[in-house]
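I'd like to ask you about the structure that follows.
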Amino acid sequence: MVRLTLLAHASTEAQRAVRFPADEPLSQRGRRELGRAVAPVADRVVVAPERRTTETAAALGATAGVDPALRDLDYGDWAGLAMDEVPAAGLHEWLTDPHAAPHGGESVAALGDRVAGWLDGLAPGRVVAVTHPAVIRAATGYALGAGPRAFWRIDVRPLARVRLHGRAGRWSLRLD
């Protein structure tokens with residue numbers, strides 16, 4: 001059985017400014033948040049390759065292996081842009097159709113497929129994954145059998161923890 005804790009990275013300036021993320025560092029607020037955080041217990045820790053996730057793991061004192069499957073959603077041409085800088089029609093399409101990728105990056109459905117494959121390939125044990133809100137949304141939707149249509153209904157704040165347990169194709173959400 002896998003006991004998985006998905007941990008969202010701490011705050012970034014892009015989150016505060018409502019911009020699509022790029023490979024930005026943690027903000028001062030994020031560093032303050034980490035001062036109150038405690039690392040979950042794990043047999044192994046994995047981290048997404050972006051700076052904000054590796055900085056979060058390091059601040060928690062976790063020795064983590066980088067797993068590219070945990071990388072953030074590819075926002076394509078929208079990376080680094082503020083929401084009001086994105087064409088309204090493209091944004092609407094992206095927010096309503098999980099298979100759309102008007103930004104030239106990855107669709108929400110493609111992210112869901114990537115994350116489902118990663119989940120179902122996990123070896124048994126206690127695993128902590130320091131990753132992104134988008135990845136956590138996709139994992140939670142998959143675990144609940146809700147798929148990519150549930151993506152926008154899952155709110156993941158900085159340093160949020162989601163706990164799943166199970167094995168390939170059979171996951172449960174654990175609330176403490």
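What you see is a predicted model, and the numbers here were worked out from it, not measured in a lab.
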Any D43 side-chain heavy atom under 4.5 Å of V127 side chain: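 Heavy-atom side-chain distance check fails, nothing below 4.5 Å.
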Side chain to side chain donor-acceptor pair (under 3.5 Å) pairs, two or more places apart, involving residues 90-115: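 Those involving residues 90-115 are W94-H103, E106-R114.
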Side-chain heavy atoms of I136 within contact of T131, under 4.5 Å: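 The answer is yes, as the side chains (C-beta and beyond) meet within the 4.5 Å cut-off.
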Minimum side-chain heavy-atom gap V115-Y142 below 4.5 Å: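 Not touching, per the 4.5 Å side-chain cut-off.
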H9 side chain reached by P158 side chain, heavy atoms, under 4.5 Å: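 P158 vs H9: side chains apart.
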Atom of A57, atom of V130 and distance for their closest heavy-atom approach: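 In terms of heavy atoms, the two residues are closest at CB-CG2, 4.1 Å.
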Heavy-atom pair with the smallest gap, counting every atom of R157 and A8: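 Taking R157 first and A8 second, the nearest heavy atoms are O-CB, 3.5 Å.
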Min side-chain heavy-atom separation V41-R126 under 4.5 Å: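 Yes, side chains in contact.
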Heavy-atom pair with the smallest gap, counting every atom of P102 and G90: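 The answer is CG-O, 3.2 Å.
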Side-chain heavy atoms of E50 within contact of P21, under 4.5 Å: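 No, too far: nothing below the 4.5 Å cut-off.
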4.5 Å side-chain heavy-atom contact, L159 and L34: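 SC-SC contact between L159 and L34 confirmed.
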Validation row: L144, W171 side chains within 4.5 angstrom (heavy atoms):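 Not touching, per the 4.5 Å side-chain cut-off.
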More than 12 heavy atoms from other groups under 6.0 Å of CZ on R29: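 Check fails, neighbour count at 12 or below.
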Charged N-O contact under 4.0 Å between R31 and E55: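 Result for this pair is yes, salt bridge flagged.
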Pairing of D23 and R51 as salt bridge, 4.0 angstrom limit: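 A salt bridge is absent here (no side-chain N lies under 4.0 Å from a carboxylate O).
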Whether over 12 other heavy atoms sit under 6.0 Å from R161 CZ: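 Yes, enclosed.
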Backbone N/O of P68 and side chain of R71: donor-acceptor pair under 3.5 Å: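 Yes: the side chain of R71 pairs with the backbone of P68.
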Step-by-step side-chain contact (heavy atoms from CB on, under 4.5 Å) determination, M1 to H165: CA-CA 7 Å; M1 169 152 319; H165 66 272; 3.8 Å; yes
S11 and E33: side chain donor to acceptor below 3.5 Å: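 Yes, because at least one side-chain N or O of S11 sits under 3.5 Å from a partner of the opposite role on E33.
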Name of the residue among T53, V66, L122, L70 meeting side chain to side chain contact (heavy atoms under 4.5 Å, CB included) with V46: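 Result: among T53, V66, L122, L70, L70 is the only option passing the side chain to side chain contact (heavy atoms under 4.5 Å, CB included) with V46.
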Non-hydrogen atoms of Y75 and A134 that approach each other most closely: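 The pair with the smallest heavy-atom distance is OH-CB, 4.0 Å.
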Heavy-atom closest contact (A138 atom, G112 atom, distance):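 Scanning both residues, the minimum pair turns out to be CB-CA, 4.1 Å.
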E85/M83 under side-chain contact (heavy atoms from CB on, under 4.5 Å): CA gap, chis, key distance, verdict: CA-CA 5 Å; E85 296 176 310; M83 294 288 268; over 6 Å; no
CA sep, side-chain torsions, deciding dist, call: L173, R163, side-chain contact (heavy atoms from CB on, under 4.5 Å): CA-CA 6 Å; L173 178 65; R163 297 184 61 195; over 6 Å; no
Parallel, tilted or perpendicular: rings of F20 and W78 (30°, 60°):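 The arrangement is tilted - the two ring planes meet at 30° to 60°.
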Minimum heavy-atom distance between L164 and A139, given as atom pair plus value: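 That closest heavy-atom pairing would be CD1-O, 4.2 Å.
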Verdict with reasoning, R52 to D72, per side-chain contact (heavy atoms from CB on, under 4.5 Å): CA-CA 10 Å; R52 57 200 180 274; D72 201 359; 2.7 Å; yes
